[in-house]
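Note sheet for the following structure.
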Amino acid sequence: MNILRIATRQSALALWQAEHAAALLRQRHPGLIVELLPMTTRGDRILDRPLADIGGKGLFLKELEVAMQEGLADIAVHSFKDVPMELEPGFAIGCVLERADAADAFVSNGYAQIAALPQGARVGTSSLRRQAQLRALRPDLALLDLRGNVNTRLAKLDAGEYDAIVLACAGLERLALGTRIRSRLAAPHWLPAAAQGAIAIEMRSGDARIADLLAPLDDAGTHRCVAAERAFSQALAGSCQVSLAAQAIETDRGLHLWGLVGDAADGTLLRAQAQGPADDPQALGRVVAADLVAQGALRLLGRA
Ligand SMILES: NCc1[nH]cc(CCC(=O)O)c1CC(=O)O
């Protein structure tokens with residue numbers, strides 16, 4: 001039968017994204033029956049330890065991949081920024097959906113922007129990338145850990161645990177929480193995680209039926225931009241343990257990529273940018289990474 005099953009995590013954001021992919025598939029392929037298979041991953045269960053200690057981003061994919069391997073599901077829908085640089089053998093990215101706002105959001109009940117925060121204000125974010133950029137702007141801030149899904153993080157802000165938090169604009173907008181965005185933290189001054197705001201659909205490598213169903217959903221411009229950003233991260237061995245940020249845009253002259261590596265402890269930021277042809281995003285990612293290496297990035301990343 002003409003059925004396609006989507007394995008998905010069960011957070012509100014993951015379900016929104018899976019439903020979004022399902023709607024696009026039904027629209028493109030009338031007659032195709034698309035069903036969701038909601039699952040819990042180890043990454044969702046373990047909230048009390050840093051991700052890096054328990055195995056990194058792959059923990060959010062494992063159970064979904066097992067479901068695809070066993071034929072219980074055909075695809076998995078992910079926030080692309082949560083997908084590790086190297087997929088497990090046997091899996092591939094089938095398509096990348098059109099990107100939403102890639103920027104981060106400053107969210108606060110008392111203050112409209114970072115500059116308005118009082119001396120020593122408490123800002124919640126567990127992202128080393130966000131911590132480094134906050135530290136660079138405001139060395140006085142108290143940066144506090146904050147994990148959990150988008151709604152959990154907002155609830156902790158509303159309970160008064162923080163004066164402000166930083167989240168992705170895309171996640172807030174998808175959950176109809178865009179009114180919580182007090183200001184956008186946007187490129188080129190503030191950079192997001194590689195592939196932030198983009199949705200990737202994962203499939204079994206070589207499954208021609210699924211590849212054909214996914215192909216028309218691919219947004220080529222988004223795909224090229226995130227390819228440059230991920231190549232940049234990969235060249236610097238990006239992981240959630242290090243503070244890397246990157247954003248590419250496509251212009252009529254090709255791709256423009258900004259990248260930075262930071263030190264969350266002292267707010268040091270190294271920045272680089274370059275332009276390159278749209279048909280070789282990986283090369284552009286490597287060029288910007290090499291510029292940062294020449295500036296001493298490996299020392300910041302603890303690898304030199
Ligand atoms: N790390 C969790 C995560 N993964 C994807 C998003 C938002 C959606 C996106 O960037 O595509 C978020 C929440 C956040 O960072 O605020």
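Ligands are counted one by one from 1 in listed order, and the atoms in each one are counted from 1 as well.
In Arg130, the part holding a heavy atom less than 4.0 Å from any atom of ligand 1 is the side chain. Proximity of Ile199 to ligand 1, defined as any heavy-atom pair under 4.0 Å, is not found for any part of the residue. Residue contacts with ligand 1, taken as heavy atom pairs separated by less than 4.0 Å, involve Leu167 via backbone and side-chain atoms alike.
Ranking protein heavy atoms by distance to atom 16 (O) of ligand 1, first place goes to Ala168 N, 2.7 Å. For atom 15 (O) of ligand 1, the nearest protein heavy atom (residue, atom name, distance) is Lys81 NZ, 2.7 Å. Protein heavy atom at the shortest distance from atom 9 (C) of ligand 1 is Gly197 N, 3.4 Å. Residue, atom and distance of the protein heavy atom nearest to atom 4 (N) of ligand 1 are Asp82 OD2, 2.8 Å. Nearest protein neighbour of atom 13 (C) of ligand 1, counting heavy atoms only, is Val150 CG2, 4.1 Å.
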Side-chain donor/acceptor pairs under 3.5 Å, residues 18-32, sequence neighbours excluded:
| residue | atom | partner | partner atom | Å |
| --- | --- | --- | --- | --- |
| Arg26 | NH2 | Val34 | O | 2.8 |
| His29 | NE2 | Leu213 | O | 2.7 |

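Below 3.5 Å of separation, one finds no N or O of Gln196 facing any N or O of ligand 1.
Taking Arg130 as the reference, Asp104 meet the salt bridge (Lys or Arg N to Asp or Glu O under 4.0 Å) condition, with sequence neighbours excluded.
Between Leu87 and Ile93, the closest side-chain pair of non-hydrogen atoms falls below 4.5 Å.
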Assess whether salt bridge (charged side-chain N to carboxylate O under 4.0 Å, His left out) is satisfied between Arg122 and Glu161, documenting all intermediate values.
-> CA-CA 8 Å; Arg122 301 157 303 153; Glu161 288 184 41; over 6 Å; no

Give the intermediate values and the outcome of salt bridge (charged side-chain N to carboxylate O under 4.0 Å, His left out) for residues Arg204 and Asp74.
-> CA-CA 7 Å; Arg204 292 176 294 266; Asp74 301 296; 3.1 Å; yes

With salt bridge (charged side-chain N to carboxylate O under 4.0 Å, His left out) as the test, would you mind laying out the steps for Asp158 and Arg180 before giving the verdict?
-> CA-CA 11 Å; Asp158 293 344; Arg180 302 291 307 247; 2.6 Å; yes

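In this structure, Gln282 contributes its side chain and Ala231 its backbone to no donor-acceptor pair below 3.5 Å. For Ser79 (side chain) and Lys81 (main-chain N/O), no donor-acceptor pair under 3.5 Å exists by modelled atom type.
Against a heavy-atom cut-off of under 4.0 Å, Arg174 is close to the following atoms of ligand 1: 8 (C), 9 (C), 11 (O). Of all the atoms in ligand 1, the ones that sit under 4.0 Å from a non-hydrogen atom of Leu13 are 6 (C), 7 (C), 8 (C).
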